[in-house]
Each structure stands twice: as structure tokens, then as C-alpha cells.
There are 2 protein chains.
Amino acid sequence: MNTTQRTDQQTSADRRRRELLEAADRVVLRDGPHASMNAIAAEAGITKPILYRHFGDKGGLYAALAVRHTDALLASLRAALDAPAERRQRVESTLDTYLAAIEARPQVYRFLMHPAEGAGTPGDQSEQGFDVGRHSAPLLRRMGEELAQVIEERLDVGPGTQQLARVWGHGIVGMMHAAGDWWLGERPCPREELVRTLADLLWGRLAEAGDKAGGPGF
Amino acid sequence: MNTTQRTDQQTSADRRRRELLEAADRVVLRDGPHASMNAIAAEAGITKPILYRHFGDKGGLYAALAVRHTDALLASLRAALDAPAERRQRVESTLDTYLAAIEARPQVYRFLMHPAEGAGTPGDQSEQGFDVGRHSAPLLRRMGEELAQVIEERLDVGPGTQQLARVWGHGIVGMMHAAGDWWLGERPCPREELVRTLADLLWGRLAEAGDKAGGPGF
DNA sequence: ACTCGGTGTTACCGCAAGTAACACGCAGGG
DNA sequence: CCCTGCGTGTTACTTGCGGTAACACCGAGT
């Protein structure tokens, strides 16, 4: 008797939820990592308590937002990872996919990774921001775990593969993230060069390189 | 005429500053990443405005704290990096030094990297914390730049060494950081194993590994 | 007509960052 | 001896944010 009601309500609530998320997205895209609940509510044309009814608390809204973007990014990454090509080529295109994503929407990226980085003027009060440990970490963690799974599934590295895959997954994601963060800030080189250099690093060129004359070597 | 006065005041102010920093350190070590200005002031036996007179704002205090710890950590890392041994050995001992440091003082580590991660109980209001983008990034950036310099000084990788060294420096630091963060949370294996696995990654075992039977490979 | 669930509002609390404005103690100079 | 600076400390406040309680409207079902 109430199944249609249920579904109607569900979809109605879901639509609201999506609208709110899109509004939040817009305000994040515009205002960068500040984005107070008030601002988001205003952008959505409503007031704070509704946001809280839908998302519980700020973490909930943030998590929902992060899930959206992370899902999209992960889909792209999976596509790059699954492409039919040489391993080196696949690694490069995966790196490139990630870097292209953060390059395309630096605001969103900064919001996801470094929330509450605003606080430009000294009088700016808007510095009480999100927490990061509980949200950006999960984002990176999720990428790390996904990559670990891919590595474990496809790579043959003898015994202890599972442990090794997870270490490598998180390590590679961290490498990608840190290098991308730095690159995004300084733009010292075109993207392809960064991709190539990182792939070189993963390909063991650090071990192969010779010592420079005069020093103790590295 | 006022040179001695000046220096006296200077040293006096510096002593105060150090005392305040040590108090801040203590409260961070105890309370984890919460650490409100009030709490720090109370621990130091004084009140808020004095902290603000000494450090300007919370970012200033945080930066001073971060510099302290980063300096200490960088000194250890430099020592490991400069040890007279094979390159692989030096890389492993550097990784181990970093991981041992974050293992020894996880509270401090979490404060530096993921401030404002507390907020355990839902009723906990103490979630308005620091920003991270302006502080944890500089910390990682600094490590990345240091490592880049070491790489550039000692490694011979042909033309474009400078750019490459910086990419690798930030990338390796990010790998270390992300893997360490994950490991610190889950403790899936002893430290030496993590160190060995990460070094293996840097040594190109990803490229060398064979495909697993049945999949498209990786 | 009367309830009832959903959507929305205003008005408030608590907290933490940051800031006046005032108070004590102690040099030196009339 | 007093009084003027100045460094150090305080109390008491403002602002802005996250989060919540209590009330208001409105369309559907009986």
C-alpha cells in the first residue's frame, strides 16, 4: 500500500539531495575550499537546518561530495588501468588521467584534499574549516586500496603478494598525489613530462642511475 | 647603549617563546590534534593574548611548532642519507628513520599532518581546527625539496636532472608519507617489512614483475 | 474539518579564534 | 619622591561557524 509512497518519497528526497549536492558543488567550485554551511544553503536557496536534515553534519555532506567525485575519478582510473596496452603505457595513462583530473578542477581538488586552506586576509574568520584526516585520507585510502586490488589481481610477485600490493598501492597513490600537488602549485613542466618522470621513477631508474662524480653517491 | 638591553630582551623573549612552544608541544602530545589556544595557554600557565603576542595567530604558533619538529626530523633524515653505505642501504635507512619517527610520536605526527581530526563523539564541538593546506603541505614540501636537492647533488641521470630530481623528491616523499600514514593506521606488518617493500618498489620491482596468469596483466 | 508527515523558517546555544582595554611591576629621569 | 614609559599579564568582549530546538506552513488521507 505504501510502496509507491515510499518510492515517491525516496525519489523526491533523492532529487532534493542531488540538488543540494549540486549546489554545494557549485559553491565549492566558486568559493574554493571555504564553503560554509550557510553559504551552501544560501546557494541552494534554503537554510542550514535542511542541509543538516539531509546530511547529518558537515562531515556527511562532505563525504557525499567526496564520494561523488571520487567515484567519477575512480571510474576514469579504472578505464585507464584496464586499457589494452603495455604495462608502462597503462601506468602512464593512469597517472595522466589523475593529473588531468586535478588539473581540470583545481578548486574541487583543493577542496577534497586541502579543505579550509583559504584564510587569505588576516581579518578573514573563515578559517574554521573541515577536518581533513577523516575525509581526505579516506579518499586517498580508497584510491590506494583500489590500486592495491588491481596490483594483487594482475601482478605476480611471488609470496606475500597481498601485503605487498597494499603497500605499493598506497605508496604509488601517495607518490602520485604528492607530486601532483606540488606540480599543480608550481607548474614547473608540462604534464607529459611529469608523467614520464614519475613512470621512470616507478621503473627503477633511481636504482639504475650512476653516482655523480665527487659526492658520496646516492 | 641599548645593545645589551636589546639582546637581553631578545633572549628573554626567546626563552619565553621556547617555554611556550614546549608547553604547546606537551599539550599536543597529550590532547592530540585538538589543542585549542586556550588549552595551550592554560598548560603554559598563562592566557590567550600572550600566545597571540608571541605568535601572531594560530598559524604562527603552528608554523613554529612544525618548524621545530621538521628540523629535527630533517636532521635525522640527512644523517641517514649521508651514511657511508650502499645506496639501497641508505634509502632503506632513510625510510626507516622517517617511519620510526612517526611511529614514536603518532600524536605529534597526526597533529602536524592531519590537524583537527579529533571530533570523536558526535557531541564533540571541538572540530574547528587548523587549516592543513598551508601547514602540512609546507612540511611535506620541505622534505620533498630537501630530498630533491640530495638527489640532484648526488645522482647522475643525464640532462634535465634538476627537474627530475624535484619530481622524484616530492614523489618519493609522498610515497613515504602515504604508505606511512596507512601503515600507522592499520599496522599490517612490522616496520622493516614495510621499508623493504617500499624500497623494492623504488628499485623497479613493479616493472620487473611478471603478469599473473589469466588477467590482462598490469 | 482535523490530524499528520514533510519542508521550511527564525532564533538560539556552545565553542574557538582573535581583540580591545584595562592593571601590575619595575626601570630611569625630573 | 613621584611620575612616566614599557613589558607582561589579565578580564571581558566580538565575530563567525557548526549544530539544534521550537515553531510555521501545506498538501494528502480519513
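Computed from a predicted model, the values in this text were never measured in an experiment. In what follows, chains carry the letters A, B, and so on, assigned in the order in which the sequence lines appear, proteins first and then strands, with residues in each chain numbered from 1.
- Taking atom OH on B:Y62 and atom C1' on C:dA17, their separation rounds to 17 Å, with Å as the unit.
- Non-hydrogen atoms lying under 4.0 Å from DNA chain C are contributed by A:P49, A:I50, A:R53, all within residues 48-56 of chain A.
- Between A:D71 and A:R142 a salt bridge is recorded (basic side-chain N to carboxylate O distance below 4.0 Å).
- A salt bridge is absent between A:D25 and A:R30: the closest approach of a Lys/Arg side-chain nitrogen to an acidic carboxylate oxygen does not fall below 4.0 angstrom.
- Under the rule for a ring-ring contact (aromatic ring centres under 6.0 Å, His included), B:W183 has no partner lying at least two apart in sequence or in another chain.
- The distance between atom NZ of A:K58 and atom P of D:dG18, rounded to the nearest whole Å, is 4 Å.
- One interatomic measurement links the two molecules: CD1 of B:I46 to C1' of D:dT11, which rounds to 15 Å at whole-angstrom precision.
- The phosphate of D:dT10 has OP1 or OP2 within less than 4.0 Å of a side-chain N or O from B:T47.
- Atom NE2 in B:H34 sits roughly 13 Å away from atom P in C:dC15 (whole-Å rounding).
- As a whole-Å value, the separation of A:D14 CG from C:dT7 C1' is 16 Å.
- The residues B:R17 and B:E22 are annotated as not salt-bridged, no charged nitrogen and carboxylate oxygen being separated by less than 4.0 angstrom.
- A salt bridge links A:R166 to A:E145: one of the charged nitrogens lies within less than 4.0 Å of a carboxylate oxygen.
- A straight line from CD1 of A:I40 to P of D:dG18 spans 8 Å, rounded to a whole angstrom.
- Atom P of nucleotide D:dC17 and atom CG of A:D57 are separated by 17 Å, given to the nearest angstrom.
- A:R17 has no side-chain polar atom (N or O) that falls below the 4.0 Å cut-off from OP1 or OP2 of C:dT7.
- Counting only N and O atoms by type, the side chains of B:D181 and B:Y109 include a donor and acceptor under 3.5 Å apart.
- Backbone-only engagement by A:S36 is indicated by non-hydrogen atom pairs under 4.0 Å involving sugar-phosphate atoms exclusively.
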